[in-house]
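One structure is given here, and the rest of the page talks about it.
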Amino acid sequence: MKDAGPKLLQGNEACVEGAIAAGLKFFAGYPITPSTEIAELCALRLPKVGGKFLQMEDEIASMAAVCGASLAGLKSMTATSGPGFSLKQENIGFAVEAEIPCVIVNVQRVGPSTGMPTSPAQGDVLQARWGTHGDHEMVVLCPSSVLEAYTLTVEAFNISETLRTPVILLMDEVVGHLREKVVLPSPQELVVKDRELPAGAKEAYKPYAADQGRIKGVPPLARFGDGYKFHVTGLTHGEDGFPTNSPKVGEKQIVRIWEKIHSRRKELSRVEMLYPEDAEVFVYAYGSTARSAKRAVKEARAQGIRACLIRAMTLWPFIEDVLSDVKKKHPKAVIVPEMNLGQMVRPVKRVIGDACPVIPLNKVAGQLIEPEEILAAIKEAV
Amino acid sequence: MATLKELSSIPEMLAPGHRLCAGCGAPIVVRQVLRGAKAPVVVGNATGCLEVSTTIYPYTSWRTPWLHTAFENAAASLSGVEAAYKSLKRQGKIKEDIKFVAFGGDGGTYDIGFQSLSGAMERGHNMVYVCYDNGAYMNTGIQRSSATPRGADTTTTPVGKMMPGKRGQRKDLTKIMAAHDIPYVAQVSPAHWNDLYQKAEKAFAVDGPAFINALAPCPRGWRYDPKDTIELCRLAVDTCFWPLYEIVDGRVRITYKPREKKPVTEFLKVQGRFRHLFQPGNEGLLEEIQKDVDRKWEELLALEAMHEAVAQKA
């Protein structure tokens with residue numbers, strides 16, 4: 001988008017604009033409500049910036065094409081919702097294993113299965129973490145506003161490119177279809193990071209050797225066709241990329257791709273804290289539910305209740321340190337409102353333990369959680 | 001040949017009151033196909049306009065047992081139902097004859113459901129699969145599919161400086177299904193109701209899998225006046241854009257040959273999705289589209305003659 005100044009944008013549109021600002025050059029997708037606008041806008045916008053849009057025959061193929069395009073050197077993205085996210089899982093695992101940077105957007109709708117295609121939910125937060133099989137870490141970011149759909153998409157690309165890993169941007173139908181006035185950051189304000197390309201002798205390149213690049217545990221990524229010997233496989237592999245049956249070599253690889261994210265969980269953590277100083281009741285919220293939670297916490301403050309909002313933009317890796325600090329403050333309760341039957345409440349409970357009640361507040365089947373409901377839970381807790 | 005009076009005396013299996021758009025081709029196809037079943041029929045339905053709009057809570061238009069699974073697997077799910085029926089019948093727990101039919105749009109058939117369709121046909125389940133082909137993903141708002149004709153404007157093949165609508169050819173699914181060497185494959189159009197009815201009858205009657213590809217215009221996606229649906233179906237056939245033919249045990253038979261083959265522009269020009277093709281600069285593309293239609297029609301005629309010759313020899 002060329003002109004500066006305020007704009008009226010939809011969350012899905014902001015996501016595309018953020019992606020293009022971050023350097024998106026390839027999108028492969030498949031229509032599915034409520035994410036379709038992302039594909040449609042990419043079809044319009046990408047050819048104009050020298051990029052490529054592909055509509056594939058299904059979500060499996062979309063995710064596979066994204067892996068291919070990224071290996072060829074382009075910043076790549078796909079977008080989907082519930083059923084499509086399920087179909088993408090095998091290839092998301094491939095991207096984890098082969099260390100392929102890419103961004104997967106999931107605009108959540110009600111599930112399981114076809115569920116309620118036009119209604120919001122937050123039922124995929126654990127699937128985003130564990131949807132693909134095997135041991136792995138996963139970076140999952142979650143915007144609450146249209147502006148954040150833009151900024152977190154940029155972040156998602158930056159993390160994905162620097163850590164050579166898929167990153168999931170988990171929106172929900174409300175944020176995806178919401179229209180808000182936004183002032184987008186100027187290109188000068190924007191930090192855009194690119195993957196590290198190999199620098200040394202071509203013969204010496206090892207696509208999966210940890211010690212070759214600037215970033216600890218992350219090997220530089222050659223582009224297909226640049227003359228590097230580059231073997232890519234979903235099989236457990238050694239530093240040269242070739243499959244191995246050696247437990248020693250295999251363990252080293254599995255642990256390294258886990259460790260490259262796990263060891264950085266603090267720097268990956270994006271959290272907004274509202275009134276943390278003297279708080280006694282905490283609300284952990286994310287996505288569109290965090291908008292209701294913010295209102296509820298402000299109302300509580302107005303009524304003299306010392307409430308605090310912990311708004312998680314990073315869902316995974318879990319913001320364990322933040323919750324550990326909260327635990328030290330001897331809270332009376334931590335309330336976890338979410339549009340599911342209680343998913344993020346589990347990791348919250350795991351950290352808080354028996355220090356105080358961890359209270360789930362859940363709604364499913366497309367109903368938003370209203371500020372009054374969260375306020376009532378806050379009042380009951382004090 | 002059935003008369004209209006005879007056809008109208010067959011009980012209607014898709015009840016009125018559904019929420020499909022005025023002029024939608026899909027329910028016409030469904031009603032005409034189900035008339036050919038002549039037995040209790042179980043319906044499988046892929047995700048799509050038909051599924052969504054015929055089953056809005058707490059109502060259903062289906063006077064049949066009806067199964068909606070996901071987008072990609074109507075044929076696979078129905079495979080399970082049909083196999084279970086065969087087992088129950090062998091065990092003597094079901095006595096009567098039951099037919100099985102799956103309906104899917106072109107998205108759920110040509111694209112995401114292609115694998116499950118191919119598998120079901122190859123395994124030889126006794127089912128009819130009907131594709132209502134409206135040439136795009138209409139349920140999500142008109143995105144291109146592999147059934148979208150060349151040159152069509154859709155939201156993911158937007159017409160502009162970079163692109164004159166969809167660039168590539170549409171997939172010839174009817175031929176691909178014929179290549180599965182199943183007992184019966186046919187292409188139909190609702191304007192030729194008797195042809196459609198007879199083909200449905202045959203499809204249900206064969207022992208084994210049958211596939212019917214049905215043209216189903218979409219006023220929203222094709223951008224035309226809803227009252228012209230049947231007229232468009234007729235034009236598609238008269239221009240040979242959508243020939244009516246069947247393939248019985250591998251042998252092609254064209255069931256309707258237009259007395260006068262109309263230029264394909266007759267079919268294209270009444271649709272908003274092709275409007276840009278009639279603007280200066282796109283004459284070449286129009287010519288190519290006509291050439292494609294001519295080539296495919298000539299091929300079909302040649303195929304029919306060749307199969308005839310092979311049959312004579314045998």
Side-chain angles (χ1 to χ4, degrees), chain A residues 12-13 16 27-65 78-88 107 109-119 173 176-177 365-366, chain B residues 45-49 51-53 55-57 67-74 77 104-118 136-148 152-168 170-171 173 176 221:
Chain A
N12 282 344
E13 291 169 354
V16 174
F27 182 98
Y30 189 74
I32 186 163
T33 308
S35 77
T36 308
E37 294 87 356
I38 297 177
E40 290 178 339
L41 195 56
C42 281
L44 267 179
R45 298 273 283 119
L46 277 178
K48 295 177 185 166
V49 296
K52 187 82 190 158
F53 166 87
L54 284 187
Q55 186 182 317
M56 303 298 288
E57 69 273 23
D58 59 24
E59 285 91 349
I60 299 172
S62 309
M63 190 60 219
T78 185
T80 189
S81 186
F85 193 53
S86 293
L87 285 174
K88 285 183 197 293
V107 188
R109 67 191 219 183
V110 178
S113 190
T114 311
M116 295 175 160
T118 54
S119 298
E173 191 273 340
H177 281 163
Chain B
N45 202 167
T47 301
C49 290
E51 165 262 322
V52 168
S53 307
T55 56
I56 292 174
Y57 182 82
L67 170 71
H68 165 234
T69 52
F71 197 6
E72 68 277 18
N73 55 3
S77 307
D106 46 293
T109 307
Y110 283 66
D111 292 343
I112 193 169
F114 184 63
Q115 178 173 330
S116 91
L117 169 62
S118 180
Y137 291 81
M138 303 313 186
N139 192 34
T140 45
I142 319 164
Q143 293 82 28
R144 60 89 90 191
S145 76
S146 58
T148 302
D153 181 28
T154 72
T155 57
T156 49
T157 53
V159 172
K161 279 182 207 148
M162 312 295 292
M163 202 196 286
K166 184 181 165 182
R167 285 183 201 277
R170 60 190 304 282
K171 192 190 273 181
L173 185 66
I176 297 170

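Quick caveat, the model's predicted, so the values are computed rather than measured. In what follows, chains carry the letters A, B, and so on, assigned in the order in which the sequence lines appear, proteins first and then strands, with residues in each chain numbered from 1.
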### Message
Test side-chain contact (heavy atoms from CB on, under 4.5 Å) on Thr80(A) and Ser62(A); report intermediate values, then the result.
### Response
CA-CA 10 Å; Thr80(A) 189; Ser62(A) 309; over 6 Å; no

### Task
Using a cut-off of under 4.5 Å on heavy-atom pairs, state which of Pro158(B), Gly141(B), Ala70(B) scores highest against chain A.
Pro158(B)

Can you give me the closest heavy-atom contact between [X] and [Y], atom names plus distance?
X	Y	value
Ala74(B)	Ser116(B)	N-OG, 4.3 Å
Tyr110(B)	Ser146(B)	CB-OG, 3.3 Å
Pro83(A)	Ser113(A)	CG-O, 3.8 Å

## Note on the structure
Turns out that what part of Leu41(A) lies under 4.5 Å from chain B's heavy atoms comes down to neither

### Query
For Thr33(A), is it the side chain, the backbone, both or neither that has a heavy atom under 4.5 Å from a heavy atom of chain B?
both

### Query
Could you go step by step and tell me if Tyr137(B) and Thr156(B) meet the side-chain contact (heavy atoms from CB on, under 4.5 Å) rule?
CA-CA 10 Å; Tyr137(B) 291 81; Thr156(B) 49; over 6 Å; no

### Within 6.0 Å of NZ in Lys52(A), more than 12 heavy atoms from elsewhere
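Check fails, neighbour count at 12 or below.
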
## Note on the structure
Among residues 159-168 of chain B, those lying within the under-4.5 Å heavy-atom range of chain A are Met162(B)

Pick one of side chain, backbone, both or neither for [X], based on which atoms fall under 4.5 Å of a heavy atom in chain A.
X	value
Gln115(B)	neither
Thr47(B)	side chain
Thr69(B)	backbone
Phe71(B)	side chain

## Note on the structure
Value for CD (Glu37(A)) from OG1 (Thr140(B)), rounded to nearest 0.5 Å, stands at 10.0 Å

### Task
Would you check if the side chain of Gln55(A) reaches a backbone N or O of Arg144(B) as a donor-acceptor pair within less than 3.5 Å?
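Here the side-chain-to-backbone pair exists.
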
#### Entry: Test item: Leu46(A) and Val49(A) side chains (from C-beta on) under 4.5 Å apart, heavy atoms
yes

